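Reading through the structure tokens given below for one structure.
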Amino acid sequence: MRETVRKSVLAALEDLGDEWALGEVPAFEVEVPRSDAHGDMACNVAMQLARPLRQSPRKIAERITGLLGQSSDLYAAVEIAGPGFINFRFSSAFWYHSLGRILGEDPTFLRPQTGGGKRVQVEFVSANPTGPLHIGHGRGAALGLALSNLLEAAGYQVEREFYVNDAGRQVRLLGLSVFARYQELLGERVSMPEDGYHGEYVRDIAQRLLDEKGERYRGLESEECGQEVADWACGVMLDEIRMDLEAFGVRFDTWKSEKELYTNNAVQEALSNLRKSDRVYTHEAASWFRSSLFGDEKDRVVVKANGEFTYFASDIAYHKDKLDRGYDAIIDIWGADHHGYVPRVSAVLQAFGYDKSKFQVLLVQIVNLLRGGEPVKMSKRAGDFITLKEVVDEVGADTTKFIFLTRRSDSHLDFDIEVAREQSPENPVYYVQYAHARINSIFRQAPAKGFGKIEKASLRESNLTRLNEAEDIGMIRMLCRYPLVFEDAARTHEPHRITFYLQELASLFHTYYTKHRVLVEEDHELARARMALAWAVEVVLKDGLSILGVHAPEQM
RNA sequence: GCGCCCGUAGCUCAGUUGGAUAGAGCAGCUGCCUUCUAAGCAGCGGGUCGGGGGUUCGACUCCCUCCGGGCGUACCA
């Protein structure tokens with residue numbers, strides 16, 4: 001739809017090229033106007049040309065439209081409006097042709113291929129394996145999943161990665177906490193670390209430790225077996241995380257271990273590499289990374305005075321490793337509370353000679369968990385919080401994902417469990433799924449109404465010109481907007497645009513459904529044309545939902 | 001103090017990389033099921049886009065400033 005108009009305009013500009021002596025064609029936009037009164041597509045090219053040509057936009061627009069009118073049966077009307085917009089209204093023929101393409105066998109019509117096979121890595125969730133996933137991780141997971149699906153559908157080669165922080169202090173603390181609970185189960189003295197993990201799940205892990213390993217650690221000091229218990233507990237926790245994500249419908253291609261970055265000396269090598277180029281230096285017995293050279297506000301410690309690596313040290317190695325793997329772009333999805341981290345990681349890329357534009361961070365804002373309007377108290381310290389699994393068990397994976405994707409990721413989100421679980425109209429996912437189910441219901445009804453079993457592919461041969469009600473054309477027009485929304489969503493990395501579009505599409509279909517009967521028994525030709533239209537709606541709904549990672553049920 | 005994000009209808013949020021008359025859902029009110037699923041539809045009301053300046057043909061969008069909310073500012077992870 002956009003390309004059609006763009007081509008028309010460019011052709012006209014070419015015809016006028018000699019007269020206007022334009023070197024470069026200036027950037028111009030072709031958009032779906034806000035108001036229907038302004039046609040199906042609007043173009044601002046005349047306004048963009050006004051300055052270089054030193055002519056009024058309307059005069060320029062007249063010349064362009066003069067050439068468009070005669071050339072094509074694509075448009076029903078091309079008008080000049082406002083300060084110099086050129087408004088295009090498509091012909092019925094164009095709409096029928098487009099509908100045919102949606103029903104056609106080329107899936108890239110709905111999914112403009114902007115990826116060109118480029119390799120993109122999306123890293124998300126990456127929760128510490130020291131406790132269960134909470135609702136905030138769920139939001140990151142939903143976004144990462146949808147974005148990955150979206151980019152993949154747009155022709156990128158996508159790799160989904162979970163970075164496992166299985167090294168360092170937090171995992172050590174988990175081990176000590178589990179060991180303490182284990183001792184408790186054995187009736188021994190308990191030495192729970194001061195800042196250890198106090199959640200109930202730690203007791204569960206300890207019980208499993210006892211079940212699986214028996215009394216093997218009885219009487220030992222934490223120094224003797226802490227590492228072993230920590231590694232084991234970390235593995236258990238990671239399995240649980242993996243299962244919770246699976247239940248949520250999220251799957252990763254790779255799980256990258258932080259610990260490995262140490263055992264294979266990647267951290268050490270990355271730092272000495274940087275030291276050679278003086279990007280790492282020693283100051284007051286600590287080693288510092290010169291991130292201020294690349295836009296960070298100050299340099300950052302990578303090796304503390306006591307010889308320990310900071311968390312940032314492995315992050316340097318990790319991001320270097322990612323880039324060395326040859327991706328064309330890497331996208332990190334982080335909690336918004338880590339936003340201060342962006343400049344220093346960006347500095348890492350630059351220090352290794354990579355273009356910083358290859359790296360993008362999507363920040364996901366906090367989720368406020370409510371129940372019936374009341375905030376749910378969460379204290380991570382006391383280990384008292386609602387897990388993602390509990391939410392998913394209660395409200396369902398589809399609803400949870402859909403709600404997360406009804407907001408842009410960097411806005412705060414109130415998630416009310418009570419509202420979400422009530423399968424009420426307040427719940428937008430059902431609204432969209434219901435439209436899909438209704439269409440399927442029509443096709444189920446068809447045989448009983450004397451249409452026989454409908455082979456959908458045969459609907460491609462139906463007489464689409466019978467779709468001549470205003471609502472028919474409106475419906476097709478909405479469907480044709482999908483590729484534009486898809487393209488914009490992929491370009492901006494904003495899957496929520498798909499979500500909003502699907503709600504609009506569902507709304508238009510519900511209206512259509514109420515007003516016009518599809519299975520018109522006295523006019524099979526019309527009925528088949530409408531079935532073709534309904535099928536197209538189904539196809540688009542299913543396509544959009546699949547990108548969000550949400551099911552499209554055939555019955556509800 | 002400095003830095004980043006946010007401020008749009010009573011509530012929750014969209015607003016297409018500067019476009020035309022700022023939208024949707026929910027909540028409120030009024031109607032619609034003998035016909036393909038009422039998890040639906042039709043209609044009504046609701047706004048100094050936080051305030052004030054600036055940039056230009058044009059600003060919710062960009063710049064400055066102030067107010068208000070969140071987060072970050074570790075040799076923590």
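Model, not experiment: these values are computed from the prediction. Letters A, B, ... are given to chains in the order of the sequence lines, protein chains preceding strands, and every chain is numbered from 1.
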With heavy atoms under 4.0 Å as the rule, sort [X] into base, sugar-phosphate or nothing.
X: A:Leu413; value: sugar-phosphate
X: A:His436; value: nothing
X: A:Lys515; value: nothing
X: A:Glu284; value: base
X: A:Asn128; value: sugar-phosphate

If the plane angle is over 60° it's perpendicular, under 30° parallel, otherwise tilted; pick one for A:Phe509 and A:Tyr513. tilted

Return the value, rounded to whole Å, for the distance between atom [atom1] of [X] and atom [atom2] of [N].
X: A:Glu504; N: B:G25; atom1: CD; atom2: C1'; value: 12 Å
X: A:Glu308; N: B:A77; atom1: CD; atom2: C1'; value: 12 Å
X: A:Arg58; N: B:G58; atom1: CZ; atom2: C1'; value: 15 Å
X: A:Ile366; N: B:C71; atom1: CD1; atom2: P; value: 8 Å
X: A:Arg444; N: B:C36; atom1: CZ; atom2: P; value: 13 Å
X: A:Arg300; N: B:A74; atom1: CZ; atom2: P; value: 7 Å
X: A:Tyr197; N: B:A77; atom1: OH; atom2: P; value: 11 Å
X: A:Gln555; N: B:G40; atom1: CD; atom2: C1'; value: 17 Å

Work out which heavy atom in A:Thr310 is nearest to a heavy atom in A:Lys304; give both atom names and the distance. CG2-CG, 3.8 Å

Compare every heavy atom of A:Tyr431 with every heavy atom of A:Ser507, then report the nearest pair and how far apart it is.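 For A:Ser507 and A:Tyr431, the tightest heavy-atom pair comes out as CA-OH, 2.9 Å.
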
Does [X] have any side-chain contact (heavy atoms from CB on, under 4.5 Å) partners at least two apart in sequence or in another chain, and if so, which?
X: A:His516; value: A:Glu469, A:Glu471, A:Tyr512, A:Arg530
X: A:Pro447; value: none
X: A:Ser56; value: A:Arg58, A:Lys59

Close approaches to RNA chain B from [range], in residue order (heavy atom, under 4.0 Å):
range: residues 398-410 of chain A; value: A:Thr406, A:Arg407, A:Arg408, A:Asp410
range: residues 335-344 of chain A; value: A:Ala336, A:Asp337, A:His338, A:His339, A:Gly340, A:Tyr341
range: residues 521-545 of chain A; value: none

For the residue pair [X] and [Y], establish whether any side-chain heavy-atom pair is separated by less than 4.5 Å.
X: A:Val302; Y: A:Phe312; result: yes
X: A:Phe451; Y: A:His524; result: yes
X: A:Tyr311; Y: A:Asn165; result: yes
X: A:Arg438; Y: A:His510; result: yes
X: A:Phe404; Y: A:Val367; result: yes

Using the [atom1] atom in both, what is the distance from [N] to [M], to the nearest Å?
N: B:G18; M: B:C49; atom1: C1'; value: 16 Å
N: B:C6; M: B:G43; atom1: P; value: 35 Å
N: B:G45; M: B:G1; atom1: P; value: 46 Å
N: B:C44; M: B:A9; atom1: C1'; value: 15 Å
N: B:A22; M: B:G58; atom1: C1'; value: 15 Å
N: B:U8; M: B:G15; atom1: C1'; value: 9 Å
N: B:G25; M: B:U21; atom1: P; value: 23 Å
N: B:A59; M: B:U48; atom1: C1'; value: 16 Å

Could you say whether A:Ala437 or A:Thr310 is positioned toward the 5' end of RNA chain B, judged by the nucleotide with the nearest heavy atom to each?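 Of the two residues, A:Ala437 wins.
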
Starting from the 5' end of RNA chain B, give me the residue, A:Lys449 or A:His510, whose nearest nucleotide shows up first. A:Lys449

Verify the contact: side-chain N or O of [X] to OP1 or OP2 of [N], cut-off strictly under 4.0 Å; return yes or no.
X: A:Arg438; N: B:A38; value: yes
X: A:His496; N: B:U12; value: no
X: A:Tyr431; N: B:C41; value: yes
X: A:Lys304; N: B:C76; value: yes

Distance-only donor-acceptor hits, side chain of residues 334-348 of chain A, under 3.5 Å, sequence neighbours excluded:
residue  : atom : partner  : partner atom : Å
A:Trp334 : NE1  : A:Asp332 : OD2          : 3.4
A:Ser346 : OG   : A:Gln350 : NE2          : 3.0

N-O pairing of A:Glu487 and A:Arg491 below 4.0 Å: no

Thinking salt bridges, do A:Glu504 and A:Arg481 make one under a 4.0 Å N-O criterion? yes

Would you write out the dot-bracket form of RNA chain B, 5' to 3', with Watson-Crick and G-U pairs under 3.5 Å, [ ] for crossing pairs, | for pairs to other strands and . for unpaired bases? (((((.(..((((.....[...)))).(((((.......))))).....(((((..]....)))))).)))))....

Is the backbone N or O of [Y] less than 3.5 Å from a side-chain atom of [X], with the two atoms forming a donor-acceptor pair by type?
X: A:Tyr501; Y: A:Met478; value: yes
X: A:Ser458; Y: A:Glu455; value: yes
X: A:Asp166; Y: A:Lys259; value: yes

As a test of reading the structure: which of B:C5, B:C36, B:A14 is closest to the side chain of A:Val518, going by heavy atoms? B:C36

Taking the six-membered ring of A:Phe443 (Phe, Tyr or Trp), confirm whether the NZ or CZ of A:Lys456 is under 6.0 Å from its centre and within 45° of its axis.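 Because its charged atom sits under 6.0 Å from the ring centre and within 45° of the axis, A:Lys456 does stack over A:Phe443.
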
Salt bridge (Lys or Arg N to Asp or Glu O under 4.0 Å) partners of residues 406-417 of chain A, not counting sequence neighbours, each pair once: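 Of all non-adjacent pairs touching residues 406-417 of chain A, those that pass salt bridge (Lys or Arg N to Asp or Glu O under 4.0 Å) are A:Arg408-A:Asp410, A:Arg408-A:Glu494.
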
When the aromatic ring centroids of A:Phe124 and A:Phe162 are compared, is their separation below 6.0 Å? no

Listed pairs, N/O of protein and of nucleotides 42-45 of chain B, under 3.5 Å:
residue : atom : partner  : partner atom : Å
B:A42   : OP1  : A:Thr511 : OG1          : 2.9

Mind checking ring-ring contact (aromatic ring centres under 6.0 Å, His included) for A:Phe28 and listing every partner two or more places apart, or none if nothing turns up? none

Nucleotide-resolved protein contact map, nucleotides 16-21 of chain B, B/S/- at heavy-atom distance under 4.0 Å: B--BB-

Please classify the glycosidic conformation of B:C33 as syn (within 90° of 0) or anti (everything else). syn

